[in-house]
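One-based numbering, in listed order, for ligands and for the atoms of each. Quick caveat, the model's predicted, so the values are computed rather than measured.
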Amino acid sequence: MATLGNPTHTIEVLKKYGFSFQKKFGQNFLIDSNILENIVKAADVTKDDCVLEIGPGIGTMTQYLAESARQVIAVEIDNALIPILQDTLSEYDNVTIIHQDILKVDINKLVQEKNNGKPIKVVANLPYYITTPIIMGLFESRVPLESITIMVQKEVADRMQVGPGTKDYGALSLAVQYYANPEIMMYVPPTCFMPKPNVGSAVIKLVRYENPPVEVRDEHFMFQVIRAAFNQRRKTLVNSLGNAGLNNVTKETVSKVLEQMNLSQTIRGEALTLEQFAQLTNLLIF
Ligand code: SAM
């Protein structure tokens, strides 16, 4: 039975170990059992699953995951939390605690060792200061994964889910939507955490596509184009791409390609769909 997930037990554990929160590690621990149950439900964790948890903290969500999954790998950076995790997770023989910075872990190797290279599920209440590098790292290094169900800052969840024509639409939306189908599962208020964060939170589920939804000749180049388009988001594409120093791309080539695509010469990147960015990239390569 999970014993954490309520303020009394969390305070007991923190007191027992004299633990003090470290802001630099984005430590806001979940103290609401309903939210914890709903995250595990949203992630669709079953006894067949190997789950990677990033930042287990004192092991609150890890306990819930250990009860539902076949196996849990929990990667935690903070020294001070390791003995606490060994204590709070001592009853579970299906949890492996790894003391490391998630951004330095070879996750492909880990999946190979722990799950014979078969797709894993990532479930986490993320440290918000490294949300984007964690997500992009998982996608770009082609970690075999089925889905990522994570708590992130509300605004970041919104950015991942929106389409063109909204102020939140940008390079992150397009990158996430190239690799996965995003769905916001729930919004979570600051009162569900200890200490309370200064921002609202949301749980978003990213279900990995088997194949990307668009065909692009050079993925890397498309993301260069996308970044350049949003670097100067108030500028027209002709200006932002034409001045970005991209290989063989000039204002004239951009202008020609826009004409081929039947798009206005004054259009901005924020108006283009992922499909149009893929088409633009393919045309710019020729
Ligand atoms: N999962 C716990 C919970 O929900 O109560 C804690 C979540 S807390 C928002 C984020 C956790 O990530 C903290 O335990 C923090 O120490 C850990 N963390 C921060 N940076 C990390 C990194 N680079 N690698 C691994 N863990 C990290």
Side-chain angles (χ1 to χ4, degrees), residues 2-14 17 19-43 45 51-69 72-89 92 95-107 110 121-138 141 143 148-154 156-157 185-186 188-204:
T3 56
L4 298 168
N6 65 67
T8 319
H9 282 144
T10 298
I11 290 168
E12 256 174 37
V13 171
L14 299 179
Y17 285 90
F19 178 79
S20 13
F21 291 101
Q22 297 228 47
K23 228 180 168 171
K24 68 169 181 189
F25 288 143
Q27 291 175 340
N28 300 96
F29 296 167
L30 272 167
I31 50 166
D32 185 305
S33 56
N34 277 331
I35 298 287
L36 286 150
E37 275 164 23
N38 286 336
I39 294 174
V40 178
K41 224 182 269 168
V45 176
V51 172
L52 168 66
E53 187 192 5
I54 298 162
I58 59 168
T60 309
M61 192 152 79
T62 327
Q63 290 188 343
Y64 287 76
L65 291 170
E67 303 217 347
S68 303
V72 183
I73 310 163
V75 179
E76 175 56 60
I77 197 171
D78 188 353
N79 283 331
L81 288 169
I82 303 303
I84 303 183
L85 287 165
Q86 279 158 352
D87 181 5
T88 58
L89 300 172
Y92 300 95
V95 178
T96 309
I97 303 163
I98 298 179
H99 178 207
Q100 222 175 319
D101 176 347
I102 189 65
L103 297 178
K104 297 193 178 137
V105 175
D106 182 343
I107 304 176
L110 198 63
K121 288 179 179 165
V122 175
V123 186
N125 171 17
L126 283 188
Y128 294 171
Y129 73 107
I130 43 171
T131 301
T132 306
I134 290 176
I135 298 173
M136 294 323 295
L138 287 166
S141 58
V143 170
I148 304 177
T149 307
I150 40 175
M151 180 87 72
V152 298
Q153 192 177 328
K154 180 191 170 296
V156 177
M185 308 302 283
M186 65 192 103
V188 183
T191 45
C192 296
F193 301 84
M194 185 184 291
K196 290 192 197 96
N198 300 325
V199 291
S201 300
V203 175
I204 189 164

S.K.: Is it the case that the side chain of T88 and the backbone of I58 share a donor-acceptor pair, with hydrogens and angles ignored and the cut-off at 3.5 Å?
M.R.: yes

S.K.: Hey, which of I204, V123, I35 is the one that makes side chain to side chain contact (heavy atoms under 4.5 Å, CB included) with M151?
M.R.: I35

S.K.: Examine the side chains of D87 and Y17 and answer whether a donor and an acceptor come within less than 3.5 Å of each other.
M.R.: yes

S.K.: Any sub-3.5 Å donor-acceptor pair from E76's side-chain atoms to I82's backbone N or O?
M.R.: no

S.K.: In the protein, what heavy atom is nearest to atom 16 (O) of ligand 1, and what distance, to one decimal place, separates them?
M.R.: E76 OE2, 2.6 Å

S.K.: Pick one: which of V156, L126, N125 meets side chain to side chain contact (heavy atoms under 4.5 Å, CB included) with I150?
M.R.: L126

S.K.: Nearest to atom 27 (C) of ligand 1, what protein heavy atom do you find, and at what distance?
M.R.: I77 CG2, 3.4 Å

S.K.: What atoms of ligand 1 come within less than 4.0 Å of a heavy atom belonging to Q27?
M.R.: 13 (C), 15 (C), 16 (O)

S.K.: For the aromatic rings, using the six-membered ring if either is Trp, is the centroid distance between Y129 and F25 under 6.0 Å?
M.R.: no

S.K.: With heavy atoms of V75 as the reference, note each atom of ligand 1 found under 4.0 Å away.
M.R.: 25 (C), 26 (N)

S.K.: List the steps, then state whether side-chain contact (heavy atoms from CB on, under 4.5 Å) holds for S33 with N6.
M.R.: CA-CA 6 Å; S33 56; N6 65 67; 5.9 Å; no

S.K.: Crowded around N198 CG? As in, over 12 foreign heavy atoms under 6.0 Å?
M.R.: no

S.K.: Among all protein non-hydrogen atoms, which one is nearest to atom 4 (O) of ligand 1, and what is the separation to 0.1 Å?
M.R.: N125 ND2, 2.9 Å

S.K.: What residue and atom, counting heavy atoms only, is the protein's closest point to atom 19 (C) of ligand 1, and at what distance?
M.R.: F25 O, 3.1 Å

S.K.: Considering only protein heavy atoms, which is closest to atom 23 (N) of ligand 1, and at what distance to one decimal place?
M.R.: D101 OD1, 2.9 Å

S.K.: Roughly how far, to the nearest 0.5 Å, is CD1 of I98 from CD of E53?
M.R.: 12.0 Å

S.K.: The test is side-chain contact (heavy atoms from CB on, under 4.5 Å); show your working for L65 and V72 and say whether it passes.
M.R.: CA-CA 7 Å; L65 291 170; V72 183; 4.0 Å; yes

S.K.: To check your reading of the model: name the closest protein heavy atom to atom 5 (O) of ligand 1, its residue, and the distance in Å.
M.R.: L30 N, 2.9 Å

S.K.: Below the 3.5 angstrom mark, is there an N/O of I102, backbone or side chain, next to an N/O of ligand 1?
M.R.: yes

S.K.: Any nitrogen or oxygen of M61, main chain or side chain, under 3.5 Å from a nitrogen or oxygen of ligand 1?
M.R.: no

S.K.: Can you list the ligand 1 atoms lying under 4.0 Å from a non-hydrogen atom of N28?
M.R.: 7 (C), 8 (S), 9 (C)

S.K.: Measure the distance from atom 1 (N) of ligand 1 to every protein heavy atom, then report the residue, atom name and distance (to 0.1 Å) of the closest one.
M.R.: G55 O, 2.8 Å

S.K.: Provide the number and element of each atom of ligand 1 under 4.0 Å from a heavy atom of E53.
M.R.: 1 (N)

S.K.: Pick whichever of G57, G5, G26, A74 has a heavy atom sitting closest to atom 8 (S) of ligand 1.
M.R.: G26

S.K.: Evaluate the side-chain hydrogen bond (donor to acceptor under 3.5 Å, both in side chains) criterion for residues S201 and Y128: first the C-alpha distance (whole Å), next the side-chain angles of each, then the deciding distance (0.1 Å), finally the verdict.
M.R.: CA-CA 10 Å; S201 300; Y128 294 171; 2.6 Å; yes

S.K.: Tell me whether V105 reaches ligand 1 (any heavy atom closer than 4.0 angstrom to a ligand atom).
M.R.: no

S.K.: Hey, does Y129 come in under 3.5 Å of ligand 1, counting only N/O atoms on both sides?
M.R.: yes

S.K.: Heavy-atom distances under 4.0 Å decide this one: backbone, side chain, both or neither, for L103 against ligand 1?
M.R.: neither

S.K.: Which residue and non-hydrogen atom of the protein lie closest to atom 2 (C) of ligand 1, and at what distance in Å?
M.R.: P56 O, 3.3 Å

S.K.: Heavy-atom contacts with L126 under 4.0 Å: which atoms of ligand 1 show up? List them by number with element.
M.R.: 9 (C)

S.K.: Checking side chain to side chain contact (heavy atoms under 4.5 Å, CB included) between Q100 and each of I77, L110, V105, D106, which is the one that passes?
M.R.: V105

S.K.: To the nearest 0.5 Å, tell me how far D32 CG sits from E37 CD.
M.R.: 9.0 Å

S.K.: Within a distance under 4.0 Å of any heavy atom of Q100, pick out the atoms of ligand 1 and give their elements.
M.R.: 24 (N), 25 (C)

S.K.: So if I count the atoms of ligand 1 from 1 in the order they appear, which ones are less than 4.0 Å from some heavy atom of L81?
M.R.: 14 (O), 16 (O)

